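Presented below is the structure to which this report refers.
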Amino acid sequence: LLEGATLQAYGAKTIPEGGWFAMPRTAANGALVLGDAAGMVNVPKLKGIHYAIKAGILAGETVFQALLGEDTTVATLGRFHERVKESFIGRDLYATRYFKEYFHGGFIPGLVKSGISFFTGGSLPPGTGRLQPDYRGMESIADYYRGRPDAHPEKPAFDKKLTFDKLDDIYFSGTSHEEDQPSHLIVKDLDLCVNRCTEEYGNPCQHFCPASVYNIVTDEADGRRSLLVNAPNCVHCKTCDIKDPYRNIRWTVPEGGGGPNYRDL
Ligand code: SF4
């Protein structure tokens, strides 16, 4: 299907896959949270745009009622959550509420459990509703090579026709930030990166970041290794905020509306 096509744009983003149990409060005084920001994603189907549209309609109705009653406090806007629960958004998310948890024990048990859940409409097998943070799924080097010392992680090859390297991706994301602003990515302990993390996890930030923001560099003069953070490259996918095994990276909001320039989105 893509034969002869040309790359037009690039983007990367994490998906809020916690489902029902990870949804935040959806109303505050003068504000509603909906769509992706409220975790309205059907994770088994990887779909959520129809939830965002429906939630937008429900939010519009809720705000309209609030404006008629001249009360936009959480007492009135809080009805939005009930409307969401009663709609197909709530029904779908409730039926798939344990999906993420089913996979905590591994891929195969997760597949079996989610299959049973699919055929029982979400009532079996039971879960606890407690979710693990995503970084716990990060495999250490020792675990990766355990029992297979000769394993070779695959290195991707890019043909620049259908697959592209990170520098091309950054260019096509159109991301830009004021160069002289303070870094919006704060690494709390830089020694941890070049010592413990290198040894235990092999600095995964270099690999999971889709925009080459994190690079371990070696000083030619004294051989010292350090972490170089190219914050202006960031495409705001939030992977580092979620996946860092030590919670050593803090993602803050950059200045002045910087970030990727997603056309047509
Ligand atoms: Fe994504 Fe973090 Fe890399 Fe920015 S720095 S592109 S948020 S992984």
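Reckoned from all heavy atoms, side chains included, excluding hydrogens, waters and symmetry mates. Predicted, not measured: the structure shown is a model, and the values here were computed from it. Atoms within a ligand are numbered from 1 in the order they appear, just like the ligands themselves.
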(Q) For a 4.5 angstrom cut-off between non-hydrogen side-chain atoms, does I216 reach S226? (A) no
Q: Taking the side chain as every heavy atom from C-beta outward, state whether K54 and V84 have any atom pair closer than 4.5 Å.
A: no
Q: Could you tell me whether ligand 1 has any atom less than 4.0 Å away from a heavy atom of W251?
A: yes
With a 4.0 Å heavy-atom cut-off (strictly under), which part of [X] contacts ligand 1: side chain, backbone, both or neither?
{"X": "F208", "value": "neither"}
{"X": "D241", "value": "neither"}
{"X": "V235", "value": "both"}

Q) Of the protein's non-hydrogen atoms, which lies at the shortest distance from atom 1 (Fe) of ligand 1, and what is that distance? A) C237 SG, 2.3 Å
(Q) Quick test: of every protein heavy atom, which one is nearest to atom 2 (Fe) of ligand 1, and how far off is it to 0.1 Å? (A) C240 SG, 2.3 Å
Q) Going by the order shown, which atoms of ligand 1 are within less than 4.0 Å of some heavy atom of L185? A) 5 (S)
Q: Could you list the atoms of ligand 1 found under 4.0 angstrom from a heavy atom of K238?
A: 1 (Fe), 7 (S)
Q | Centroid separation Y214 to F208 less than 6.0 Å | A | no
(Q) So that I can check it, does any N, O or S atom in C234 come closer than 2.8 Å to atom 4 (Fe) of ligand 1? (A) yes
Q. Which one of T239, I249, D134 satisfies the side chain to side chain contact (heavy atoms under 4.5 Å, CB included) criterion with D244?
A. I249
Q) Under 2.8 Å from atom 2 (Fe) of ligand 1, is there an N/O/S atom belonging to H236? A) no
For [X] and [Y], does a side-chain donor sit closer than 3.5 Å to a side-chain acceptor?
{"X": "E200", "Y": "Y246", "answer": "yes"}
{"X": "S212", "Y": "N233", "answer": "no"}
{"X": "N29", "Y": "T73", "answer": "no"}
{"X": "T26", "Y": "H81", "answer": "yes"}

Q: Kindly confirm whether atom 1 (Fe) of ligand 1 is within less than 2.8 Å of some N/O/S atom in C209?
A: no
